[in-house]
Amino acid sequence: MLESSFGLTFFLKVPRKKSNLRYIYLRITVDGIPKETSTKRKWDITRWDQKAERAIGTKEDARTTNFFLTTIETKVNRYRNDLVYAEHFISSQKIIDFILGRVAQKVKVLEEFLKHNDELFALVDTGEYAIGTHERFEISKKHIKEFLLFKFNLEDMEFRDLNYEFIKDYEFYLKTVKSCNNNTALKYITNFRKIVRRAIDKEIIKEDPFKKFKGKKTKTKKKPLTAVELHKIESHTFSTPRLTVIRDVFIFQCYTGLAYIDAYQLKKEDIKIGIDGEYWIMSDRQKTESETNIPLLPKALEIIEKYKDHPLCLTRRSVLPVKSNQKMNEYLKEIADLCGITCVLNTHKARRTFGSTVTLNNDVPIHVVKEMLGHSSVKQTEEYAITEQQTVGRQMMELRNKLNTKTTLDPVNGLLILERLEKEILDMKEKLSFAGNKTSAAEPSSDVQLESIGTELRNLVRRH
């Protein structure tokens with residue numbers, strides 16, 4: 001930011017005790033605000049030209065002093081230009097601090113990463129962050145530390161040494177040495193990017209090393225359970241109570257759409273009577289703090305009733321005896337093997353199953369599903385709306401019926417119907433011919449009647 005006025009002056013400060021030797025001072029004035037500091041050099045007032053702001057004479061000591069003052073002036077002007085170029089605020093105090101060496105320390109990457117993680121951890125107790133968020137940043141810090149040792153044999157690195165090449169090398173390291181897939185690698189890079197942006201905001205560095213970096217996520221197909229797979233898990237009888245409990249919690253999620261943390265934190269007071277007189281889950285999502293209102297389906301109510309007196313539920317005052325997410329996912333792999341489920345079974349698949357197989361597949365409108373899942377937009381819900389084969393088949397059957405109805409009513413295709421009718425009339429005529437002529441002379445014969453009907457039908461179709 002360009003200042004309105006700027007001034008730089010060297011002068012000899014009057015000492016308390018009268019003497020010709022005086023300290024040379026530097027005064028910086030920005031926008032009318034002066035700040036001054038000593039250069040730590042003394043000079044004889046009789047050999048000083050205040051108009052030129054330099055020592056008088058051609059002796060060695062005069063030349064050395066003047067060169068020293070010119071060097072300071074050059075450094076000040078260069079620093080001021082840097083501030084203007086970076087569009088930073090310029091003040092007399094900031095320039096004096098620069099002259100005295102009171103600039104920002106050479107902050108290192110892992111030091112700032114540690115500071116960020118400690119601050120984040122302190123906010124976990126306030127509810128602003130989940131403990132899982134802190135754990136993810138700790139893993140990200142660990143990866144950066146190991147990369148510095150692997151690539152540079154360094155314990156830490158200054159922010160000013162970061163560049164685009166560092167970012168690309170780190171991405172390659174995550175994908176090769178750490179065997180991370182593309183999306184996982186990008187998550188760790190995104191966490192590191194937050195630390196770098198923090199350093200930019202704190203004016204530790206000027207350039208953003210991520211400026212030219214473009215990472216693109218790989219689109220993944222996260223399919224829900226099909227109705228058949230869901231039934232397999234529901235109806236399977238397990239030999240151990242351990243797997244039965246995990247299965248029941250998972251099925252509860254499938255019929256409510258609750259994320260793992262929301263199922264874990266679900267309290268009995270969150271089960272309330274809704275406007276329809278039925279039981280609902282009325283709570284706030286832990287992740288987004290958005291309001292969630294979910295009518296409880298019979299299967300979910302059955303599971304709640306089953307565990308109402310479970311010791312863990314009574315101790316925690318929770319609705320279900322939910323174990324840790326790691327244990328849940330570990331045991332769900334066992335359940336998948338026992339039930340013959342080939343896809344990866346985890347707690348989040350239950351939420352997707354609710355959003356697709358249980359609701360959308362049964363014609364629940366997507367905007368209603370959005371509200372029950374606690375999404376902020378339908379776009380989020382569309383990611384869950386993976387239409388399964390059964391839905392496609394049902395919709396195509398409806399289309400076939402519509403097309404068949406249309407064909408039947410189409411006058412152009414009425415000629416085909418007429419031809420079939422004529423054939424049936426001729427067949428009937430042949431049968432009647434064997435029965436003999438039993439009609440009176442005054443009555444028209446059956447042949448004549450059938451012929452008349454056929455003629456009328458032909459005329460009718462032609463008119464349309």
Side-chain angles (χ1 to χ4, degrees), residues 1 75 78-91 93-95 97-126 128-218:
M1 180 185 289
K75 287 177 68 176
R78 186 182 298 125
Y79 179 64
R80 174 172 166 256
N81 290 336
D82 288 343
L83 292 175
V84 171
Y85 176 77
E87 297 183 350
H88 289 167
F89 177 72
I90 301 174
S91 69
Q93 186 62 57
K94 185 178 284 190
I95 294 175
D97 288 342
F98 170 74
I99 294 298
L100 297 176
R102 296 187 204 139
V103 292
Q105 296 181 357
K106 296 176 181 178
V107 182
K108 294 187 175 181
V109 173
L110 290 178
E111 288 178 357
E112 190 65 21
F113 219 135
L114 177 63
K115 189 182 293 184
H116 166 272
N117 288 6
D118 288 345
E119 291 173 4
L120 192 152
F121 184 71
L123 293 171
V124 170
D125 291 338
T126 67
E128 188 168 340
Y129 291 99
I131 188 65
T133 305
H134 175 260
E135 290 170 358
R136 287 195 294 273
F137 273 96
E138 280 292 293
I139 295 171
S140 299
K141 180 169 73 70
K142 176 174 168 284
H143 284 331
I144 287 289
K145 183 177 181 179
E146 292 172 351
F147 173 65
L148 290 174
L149 284 170
F150 176 83
K151 179 75 177 177
F152 306 101
N153 196 27
L154 292 173
E155 293 290 336
D156 206 343
M157 176 183 280
E158 292 181 19
F159 271 102
R160 66 181 182 179
D161 293 327
L162 295 180
N163 52 29
Y164 173 76
E165 185 180 0
F166 179 95
I167 308 301
K168 291 300 292 181
D169 287 346
Y170 180 50
E171 180 188 31
F172 184 73
Y173 167 81
L174 289 172
K175 292 180 177 180
T176 54
V177 178
K178 288 297 181 181
S179 301
C180 296
N181 62 39
N182 180 63
N183 289 356
T184 303
L186 286 178
K187 285 179 183 178
Y188 290 130
I189 291 171
T190 300
N191 288 344
F192 178 51
R193 190 171 196 166
K194 182 182 178 184
I195 307 303
V196 173
R197 284 178 174 168
R198 171 185 166 107
I200 294 171
D201 292 340
K202 293 171 72 172
E203 299 185 4
I204 295 172
I205 52 174
K206 298 176 184 176
E207 292 288 328
D208 183 1
F210 281 95
K211 186 163 61 175
K212 295 181 180 179
F213 177 79
K214 297 189 184 300
K216 188 175 181 181
K217 281 189 174 182
T218 305

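Just so it is clear, the structure is predicted and the values come from calculations on it, not from any experiment.
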**Request:** Could you walk me through whether L148 and F166 pass the side-chain contact (heavy atoms from CB on, under 4.5 Å) test, one step at a time?
**Result:** CA-CA 10 Å; L148 290 174; F166 179 95; 3.8 Å; yes
**Sequence neighbours excluded - salt bridge (charged side-chain N to carboxylate O under 4.0 Å, His left out) pairs with any residue from residues 142-151** = K142-E146, E146-K178, K151-D169
Measure across [X] and [Y] and return the closest heavy-atom pair with its distance rounded to 0.1 Å.
X    : Y    : result
E155 : L110 : O-CD1, 3.1 Å
T133 : Y129 : CG2-CD2, 4.1 Å
E112 : F159 : CB-CE1, 3.5 Å
I167 : P209 : CG1-O, 3.9 Å

**Partner residues of F150 under the side chain to side chain contact (heavy atoms under 4.5 Å, CB included) criterion, sequence neighbours left out** =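 With sequence neighbours excluded, F150 shows a side chain to side chain contact (heavy atoms under 4.5 Å, CB included) to Y173, V177, given in chain and number order.
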**Prompt:** Who pairs with N182 by side chain to side chain contact (heavy atoms under 4.5 Å, CB included), at least two apart in sequence or on another chain?
**Reply:** K175, L186, T218
Contact check, side chains of [X] and [Y], non-hydrogen atoms, under 4.5 Å:
X    : Y    : result
F210 : I189 : yes
C180 : Y188 : yes
N81  : Y85  : no
H143 : Y170 : yes
V109 : F192 : yes

**Message:** Nearest 0.5 Å, please: how far is CG in D208 from CD1 in I200?
**Reply:**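 I200 CD1 to D208 CG: 3.5 Å, rounded to 0.5 Å.
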**Prompt:** Distance from I195 atom CD1 to L162 atom CG, nearest 0.5 Å?
**Reply:** 11.5 Å
Expected list for residues 117-126: side-chain donor-acceptor pairs under 3.5 angstrom, two or more places apart:
unit_1	atom_1	unit_2	atom_2	d
N117	ND2	F137	O	3.3
N117	ND2	E138	OE2	2.8
E119	OE1	R198	NH1	3.1
E119	OE1	R198	NH2	3.2
E119	OE2	R198	NH2	3.2
T126	OG1	L123	O	2.6
T126	OG1	E128	N	3.4

**Prompt:** In chain order, what residues pass the ring-ring contact (aromatic ring centres under 6.0 Å, His included) check against F113, with sequence neighbours excluded?
**Reply:** none
With sequence neighbours left out, write down each residue that passes salt bridge (charged side-chain N to carboxylate O under 4.0 Å, His left out) with [X], or none if nothing qualifies.
X    : result
K211 : E207
K194 : none
E158 : R160

**Message:** Can you tell whether the side chains of E171 and K168 come within less than 4.0 Å, N to carboxylate O?
**Reply:**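 Judged by the 4.0 Å cut-off on N to carboxylate O distance, E171 and K168 do form a salt bridge.
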Only counting residues at least two apart or in another chain, list the ones meeting side chain to side chain donor-acceptor pair (under 3.5 Å) with [X].
X    : value
T190 : none
K115 : none
S140 : N191

**Message:** Can you tell me if F152 has over 12 outside heavy atoms packed within less than 6.0 Å of its CZ?
**Reply:**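 Check passes, neighbour count above 12.
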